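Here is the structure we will look at.
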Amino acid sequence: MPLPKMPTKPAALLAQKDYNVPEASDTKPAKVKAKDTPESAPAKSSAKKAVTPKATPEVVAAPVATPNAAQAVAKKAKKTIAERPAAAAPAKAESGNKPKSQISRAADKSGQAKMFVLDTNVLMHDPTSLFRFEEHDVYLPMITLEELDDHKKGMSEVARNARQVSRSLDALVADIDHQSIEKGIPLSKLGNRDAGGKLYFQTKLSEITQPAGLPKGKADNQILGVVQALEAEYPGRPIVLVSKDINMRIKARALGLAAEDYFNDHVLEDSDLLYSGVVQLPDDFWNKHGKGIETWQENKNGISTTFYRITGPVIPSLLVNQFVYLEPKNGEAAFYGQVRQINGKTAVLQTLRDYSHVKHSIWGISARNREQNFALNLLMDPECDFVTLLGQAGTGKTLLALASGLAQVLESKTYNEIIVTRVTVPVGEDIGFLPGTEEEKMSPWMGAFDDNLEVLNKSDNDAGDWGRAATQDLIRSKIKIKSLNFMRGRTFVNKFLIIDEAQNLTPKQMKTLVTRAGPGTKIVCLGNIAQIDTPYLTEGSSGLTYVVDRFKGWAHSGHVTLARGERSRLADHASEIL
């Protein structure tokens with residue numbers, strides 16, 4: 001079928017104001033605005049192609065049929081372009097894990113300072129939250145102070161946080177008269193320069209009325225009444241309730257009040273952005289980085305290692321002690337290395353020891369995949385003082401840590417003994433108090449280590465002279481099980497410290513444990529951030545996420561995220577389908 005004749009003029013032309021593209025005389029490419037999403041850019045480019053006079057016959061033949069059809073196409077294109085940025089804005093706002101209220105987003109755009117009303121659980125979760133709101137003001141209802149007073153007794157983490165908040169508030173209101181309290185107390189009074197707002201207390205108690213229909217006398221409902229009263233007292237100013245209680249935020253939004261979660265304790269917005277410790281090199285890595293390469297060999301601890309000094313564009317994106325690998329698909333040998341030094345665009349890469357080979361097995365355990373080989377290189381490195389291993393159930397975190405610990409305690413005698421500890425957070429209902437000594441009380445929580453010890457004891461014939469001579473009693477005499485409750489003030493010297501289930505630790509608890517390390521001590525943190533049992537902890541605020549992010553790039557620490565499960569085919573299939 002022959003094509004129709006070329007039209008003498010385009011069907012319809014959009015005005016320049018209707019879309020964001022330059023005039024035909026402009027030679028510079030069109031700039032996409034920052035607020036435009038990737039989806040909006042193709043729409044604009046396609047609109048430009050549709051109105052170009054040099055269009056192909058297929059493009060312009062259809063609109064020429066009737067003038068009404070041409071006008072309809074133009075109106076539709078104009079409407080699509082006009083509505084596209086508005087539809088893209090919410091998608092960008094909700095792309096992270098920090099969904100803000102509509103009032104808060106509007107205040108951010110206008111630059112207006114907000115007033116945050118803090119719930120009690122925020123202060124008990126993070127005692128420094130008073131000073132984490134930058135230039136915005138903080139308001140404390142009187143019921144919040146009452147709840148802080150109720151929770152200040154005891155030796156728990158919540159009680160300690162409540163007492164710390166009370167001490168901070170006492171220091172802020174010291175030497176302040178009543179009129180100054182009503183005008184607001186500068187939060188930077190105690191030296192916190194990042195806090196540019198003011199602290200307000202609820203000084204008028206008789207004017208607060210609870211929302212109609214809600215039960216009276218409940219603390220949450222009284223705080224909601226305070227938020228409503230503040231909106232009436234300060235019309236036009238953004239008032240936002242901050243609470244860790246999900247139901248509290250739901251009730252506030254149902255009443256038309258702005259409510260948000262507390263996010264300043266989050267290390268990362270998305271757990272997918274967490275440092276994995278492993279990076280795959282591009283296929284053309286050696287072509288771009290092979291020029292001027294230097295290589296040499298060193299003998300450390302009886303092991304010969306090859307080093308490469310390379311320069312190229314990929315180097316600035318790497319970190320010290322990060323593992324790199326290149327597995328060509330053309331049958332060439334794979335390359336596995338570890339970054340040892342970085343200076344600008346120059347790095348020193350070190351080849352790894354192959355622990356997947358039987359002759360290099362650790363206490364009879366060999367690496368079954370690439371990530372396990374990386375983990376064993378970290379665990380057996382005497383220069384690496386802090387190791388973190390993340391992974392799902394069955395990836396071999398506990399087995400690798402225990403095998404490397406036994407090898408360095410009983411064979412090489414690098415460390416004196418193994419100390420194992422973990423957070424005693426039950427998955428189900430608590431079984432109550434446990435009888436016996438500290439180790440007897442902790443033994444039910446250490447079932448995972450007992451299971452792995454059975455596996456290691458069966459393979460002790462392949463672990464050298466010490467492995468064949470060591471009995472189960474000897475091994476257990478070198479393993480001490482300690483509780484986290486008695487770690488304050490201790491110092492471990494020449495110990496191999498394993499912290500299991502570290503994802504249930506808060507950043508403050510993790511700091512307490514890591515600072516217990518004395519000379520010659522190695523700390524290994526194991527955990528799975530997808531299995532957090534501690535209330536008020538999330539993947540972004542876990543202590544394990546905290547140390548992984550803060551220790552990355554340090555010359556004496558390393559991290560590996562184990563990906564493949566090696567427990568059994570049943571466990572691997574269950575983790576995929578359940």
Side-chain angles (χ1 to χ4, degrees), residues 96-99 119 121-127 129 156-158 160-161 242-249 260-277 386-398 401 420-431 442 444-449 483-485 487 498-514 523-552 559-563 565 567 571 574-576 578:
N97 265 355
K98 297 185 178 181
D119 195 2
N121 48 42
V122 175
L123 297 172
M124 293 189 298
H125 175 71
D126 182 8
S129 58
S156 63
E157 188 73 17
V158 172
R160 282 194 291 267
N161 291 343
V242 181
S243 176
K244 298 293 293 182
D245 188 354
I246 298 177
N247 293 328
M248 177 76 160
R249 299 198 300 268
E260 299 176 5
D261 194 2
Y262 178 69
F263 293 108
N264 282 319
D265 60 334
H266 285 207
V267 181
L268 298 172
E269 295 184 8
D270 193 350
S271 60
D272 294 336
L273 303 176
L274 186 63
Y275 173 63
S276 65
F386 186 73
V387 179
T388 51
L389 299 181
L390 264 67
Q392 297 180 355
T395 51
K397 304 183 296 294
T398 307
V420 181
T421 185
R422 61 165 289 176
V423 189
T424 54
V425 179
V427 177
E429 294 292 334
D430 201 343
I431 61 175
M442 290 294 296
W445 300 96
M446 296 299 171
F449 283 89
S483 174
L484 289 175
N485 301 332
M487 288 294 183
I498 300 176
I499 305 174
D500 196 19
E501 303 295 339
Q503 77 275 1
N504 289 322
L505 290 168
T506 64
K508 186 176 180 181
Q509 290 173 329
M510 184 65 76
K511 178 183 178 181
T512 302
L513 287 177
V514 177
I523 296 181
V524 180
C525 294
L526 315 175
N528 179 16
I529 58 176
Q531 295 180 346
I532 296 179
D533 303 316
T534 304
Y536 302 121
L537 274 187
T538 61
E539 295 180 358
S541 60
S542 171
L544 184 56
T545 307
Y546 180 71
V547 293
V548 169
D549 185 70
R550 294 301 176 91
F551 273 91
K552 64 181 180 182
H559 168 72
V560 173
T561 300
L562 302 175
R567 180 169 288 169
S575 63
E576 293 177 1
L578 297 181

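Fair warning: this is a prediction, and the values are worked out from it, not measured in the lab.
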Worksheet item: For Val548 and Thr561, what are the C-alpha separation, side-chain angles and deciding distance, and is it a side chain to side chain contact (heavy atoms under 4.5 Å, CB included)?
Response: CA-CA 10 Å; Val548 169; Thr561 300; over 6 Å; no

Worksheet item: Hey, mind stepping through Asn504 and Ile532 against side chain to side chain contact (heavy atoms under 4.5 Å, CB included) and telling me if it holds?
Response: CA-CA 6 Å; Asn504 289 322; Ile532 296 179; 3.8 Å; yes

Worksheet entry | Leu544 to Gly527 - nearest heavy-atom pair and separation | CD2-CA, 3.7 Å

Item to complete: Can you measure from OG (Ser129) to CE (Met124) and round to the nearest 0.5 angstrom?
Response: 10.5 Å

Worksheet item: Does a sphere of radius 6.0 Å around NZ in Lys511 hold more than 12 heavy atoms from other residues, nucleotides or ligands, not counting ones at 6.0 Å or beyond?
Response: no

Worksheet entry | Nearest non-hydrogen partners of Cys525 and Ala502, listed with the distance | CB-CB, 4.2 Å

Worksheet item: Quick check: does any side chain N or O of Lys552 sit under 3.5 Å from a backbone N or O of Ser276, one acting as donor and the other as acceptor?
Response: no

Worksheet item: What orientation do His125 and Tyr262 show, parallel under 30°, tilted 30 to 60°, or perpendicular over 60°?
Response: perpendicular

Worksheet item: If you round to the nearest 0.5 Å, how far is NZ of Lys244 from CG of Asp261?
Response: 4.0 Å

Practice prompt. Provide the closest heavy-atom pair for Ser243 versus Val122 in the form atom of the first, atom of the second, distance.
Written response: CA-CG2, 3.7 Å

Discussion item. Quick check on Gln509: does its CD atom have over 12 non-hydrogen neighbours (other residues, nucleotides or ligands) under 6.0 Å away?
Written reply: yes

Worksheet item: Distance-only, no hydrogens or angles: does the Gln503 side chain make a donor-acceptor pair with backbone N or O of Gln531 under 3.5 Å?
Response: yes

Worksheet item: Distance-only, no hydrogens or angles: does the Thr545 side chain make a donor-acceptor pair with backbone N or O of Glu539 under 3.5 Å?
Response: yes

Item to complete: Please answer whether the main-chain N or O of Gly277 pairs with a side-chain N or O of His559 as donor and acceptor at a distance below 3.5 Å.
Response: no

Practice prompt. For side chain to side chain contact (heavy atoms under 4.5 Å, CB included), just list the numbers for Leu274 and Leu390, CA-CA rounded to whole Å, side-chain angles, deciding distance to a tenth of an Å, and then say yes or no.
Written response: CA-CA 11 Å; Leu274 186 63; Leu390 264 67; 3.5 Å; yes

Discussion item. So which atom in Lys397 and which in Gly391 form the shortest heavy-atom distance, rounded to 0.1 Å?
Written reply: NZ-O, 3.1 Å

Worksheet entry | Rounded distance [0.5 Å steps], OG1 in Thr421 versus CD1 in Ile523 | 11.0 Å

